[in-house]
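Bear in mind that the values here come from a model prediction, so they are computed numbers and not experimental data. In this chain, residues are counted from 1 in sequence order.
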Amino acid sequence: SLPGVPHLSPRCTPPLSQADCRPSRCVTFSGDGTLFGWCNGQNVSIVNPSDGAVVSTFDLPKTALLEFSPLNNILVTWQLYTKTQDSPQGEANLQLWELRSGRLIKALYQKKVESWCPSWSEDEKICVRIVNNELHFYEDNDFGKDACGGSLCCCFIYLSVVPPAVCPRQVAVYVPGSKGAPSFVRLYQYPAFGGPTAALANKSFFKADRVTMQWNRKASAVLVTASTEVDKTGASYYGEQTLHYLGVNGETALVQLSKNGPIYDVAWSPSSAEFCVVYGFMPAKATVFNLKCDAVYDFGTGPRNSAYYSPQGHILILAGFGNLRGQMEVWDVKNYKQVSKPQAPDATHFSWCPDGEHIVTATCSPRLRVSNGYKIWHYAGAVLQQWDVAAGSELWEVRWQSLPDGSFPERPIKYQAAPSQLGSTQAPPTQAYRPPALRHLPATPSSKLHEDEPPQDLRPGASGEKSLSKSALKNQRKREAKKAAKQVRLESDTCTGAEIQANAVTPAPLEKQRITCSLPTSAVYTNTTHKLKAIEELKEQQASGKVLQKNQVMFLFLPHVPQTNMGS
């Protein structure tokens, strides 16, 4: 029993956690949380987590990955592809099992771990799998023959998560460019793949060696992160990334990011109406965009490289894990107000509890083989439970029990952490490093390595100003630039009528007079003799008491005229 954490399965019994004490590196829950499976190096076991009853057992000691089909009819297992003397072609390492009877349905070859698992529609009517440069579709879990095939190089496949009676199935495919042709991503509706107008949306781009795709929950739009292995400009060691938006309504766009640098993470809100991008050289920026790819809120800069929305979509956590110190920023995304700022050093795993109230951070192997363990938090910053593995042991994976969407309602956000015996780990205030020779001196703004940018609300009218269109903003910038240029010209003309009159009545020695006005471009003298003659005439007029004009006074005391020829 964990204080403050609801039981995800009210009848879950403690003996389930002690059912198998042998080391296991592969565990998984079914999508609805009614089944739990793991491999302990001898066999694969499937149990009911509510009472611990064994559902099925498979003799698969080398299994490295497990996955359930959406309706829990099929168990998919994968192991490393190997060749032996008895089997030079290798053994089929991807296997599909009928879960209840334990019957092997199909054995397939899958050498790469990338996109290893087939994708199903929610009703399991359609299944799709990537095979070399083709898409293989199967209907009603009949894997004896393909229902429909395609000859597209695909990096990622995803079928609509909306029930089939409400929305048709959509498929996103990526085709890499070759021989000067650009790469492109296209959206199709199953089974219409042929013809020039079959694609629902098409987005092409040149800078792409690989892509990752992320659909929103409603399957109405997909975000494509295109990456190159090498940045030809030399600005980044990790290559170059761009972010593209495609909607099933045909709309496409390039997401404009306001800071140069890599794209660390992209996360869709569960509402499917906005997404958050973490990008830019450190300290990284984080920005929320709407479906028009317009920036809604800028969280400023900070040490972060990942973003996590709560299952209800009311809280967003920006975190810096991996090579960063594990600082987390908890934000109320409806009011854009920061809730807490806890810190989880050395964390390699983060996940939300389905209740939207608790999170888990863990230090797992093989990323880190020391200080393995996990912590369960309340999002306000309190640590509710902490568990560290024994010396000589390793922690490989931590998972929450899965539950269907909508199992927990959205609750009001709490801005103060509840009391906990383990306390809270709010990040202490940090200061910029100062060398020993400067530590006895007062700090100056120039001692900071980076100036952090504050958060900024970019919604129209959020700052009290009237929202303007793009053309109006462009005209406004032109007017402001024209006004600033005019002000600079006025400030450069420091001569006044009073100064000119004073110089004409009581002439001072030449070396004491400083008139900084410039001669108009119309008064140009190209011959030095003409210049000296004009100066002598002006001196005679000034000596006779005649008041000189402004241009005449400026020309008389120009600094580029040789001092030896100007007289006393």
Side-chain angles (χ1 to χ4, degrees), residues 28 30-32 34-35 65-78 92 94-101 103-110 112 114-175 185-195 197-202 211-222 224 246-250 268 272 402 404-405:
T28 188
S30 61
D32 56 4
T34 58
L35 295 176
L65 294 172
L66 294 172
E67 193 63 51
F68 293 94
S69 63
L71 298 182
N72 300 335
N73 292 322
I74 296 178
L75 174 68
V76 187
T77 63
W78 181 88
L94 179 66
Q95 298 171 328
L96 284 71
W97 304 84
E98 189 175 13
L99 192 58
R100 302 300 175 182
S101 63
R103 178 178 64 92
L104 178 63
I105 300 175
K106 189 74 171 180
L108 303 167
Y109 289 91
Q110 180 66 36
K112 296 181 179 180
E114 183 180 6
S115 301
W116 70 274
C117 186
S119 297
W120 277 270
S121 60
E122 282 199 341
D123 57 357
E124 294 190 10
K125 292 293 183 181
I126 301 174
C127 177
V128 60
R129 176 172 174 260
I130 304 174
V131 182
N132 297 328
N133 295 336
E134 294 183 348
L135 302 179
H136 289 190
F137 289 84
Y138 308 91
E139 294 183 351
D140 297 325
N141 287 332
D142 182 7
F143 296 93
K145 61 178 181 179
D146 297 348
C148 177
S151 58
L152 296 176
C153 299
C154 303
C155 175
F156 185 82
I157 305 299
Y158 189 90
L159 297 181
S160 174
V161 297
V162 181
V166 179
C167 180
R169 290 90 165 177
Q170 283 86 32
V171 181
V173 298
Y174 159 66
V175 178
V185 172
R186 289 176 181 171
L187 305 185
Y188 293 95
Q189 177 179 317
Y190 179 85
F193 299 123
T197 61
L200 302 176
N202 180 28
V211 302
T212 56
M213 302 185 192
Q214 293 176 264
W215 284 86
N216 58 10
R217 181 176 290 183
K218 295 181 179 179
S220 61
V222 61
V224 180
L246 291 87
V248 295
N249 58 359
W268 274 105
S272 300
S402 305
D405 295 334

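The one candidate from Val76, Ile126, Asn73 that meets the side-chain contact (heavy atoms from CB on, under 4.5 Å) condition with Trp120 is Val76. Here the options are Glu98, Glu124, Lys106, the test is side chain to side chain donor-acceptor pair (under 3.5 Å), and the partner is Asn141; only Glu124 passes.
Rounding to the nearest 0.5 Å gives a distance of 13.5 Å between CD1 of Ile74 and CD of Gln95. The distance from the OG atom of Ser115 to the CD atom of Gln110 is 7.5 Å, given to the nearest 0.5 Å. Here Cys127 contributes atom SG and Asp142 contributes atom CG; the two are 11.0 Å apart, rounded to the nearest 0.5 Å. Taken to the nearest 0.5 Å, the CG atom of Leu75 stands 8.5 Å off from the OG atom of Ser69. Distance OG1/Thr77 to CG/Leu94: 7.0 Å, rounded to 0.5 Å. Separating the SG atom in Cys117 from the CZ atom in Arg129 is a distance of 10.5 Å, to the nearest 0.5 Å.
At a threshold of 4.5 Å between non-hydrogen side-chain atoms, the residues Leu108 and Phe143 do not count as touching. Proximity of Leu99 to Leu35: side-chain heavy atoms (C-beta onward) are separated by under 4.5 Å at one or more points. Counting heavy atoms from C-beta on, the side chains of Thr34 and Phe68 never come closer than 4.5 Å. Taking 4.5 Å as the limit, some side-chain heavy atom of Val222 sits within range of a side-chain heavy atom of Met213.
Heavy-atom minimum distance, Val128 versus Leu135: CG2-CB, 4.4 Å. Taking all atoms of both residues into account, the shortest heavy-atom contact from Gly31 to Ser402 is O-CB, 3.5 Å. Looking at every heavy atom in both residues, Pro70 comes nearest to Ser121 through CG-O, 3.6 Å.
Partners of Asp32 by salt bridge (charged side-chain N to carboxylate O under 4.0 Å, His left out), not counting sequence neighbours: none found. The side-chain hydrogen bond (donor to acceptor under 3.5 Å, both in side chains) test applied to Trp78 returns no partner, not counting sequence neighbours.
At distances below 3.5 Å, at least one donor-acceptor pair connects side-chain atoms of Ser272 with backbone N or O atoms of Arg217.
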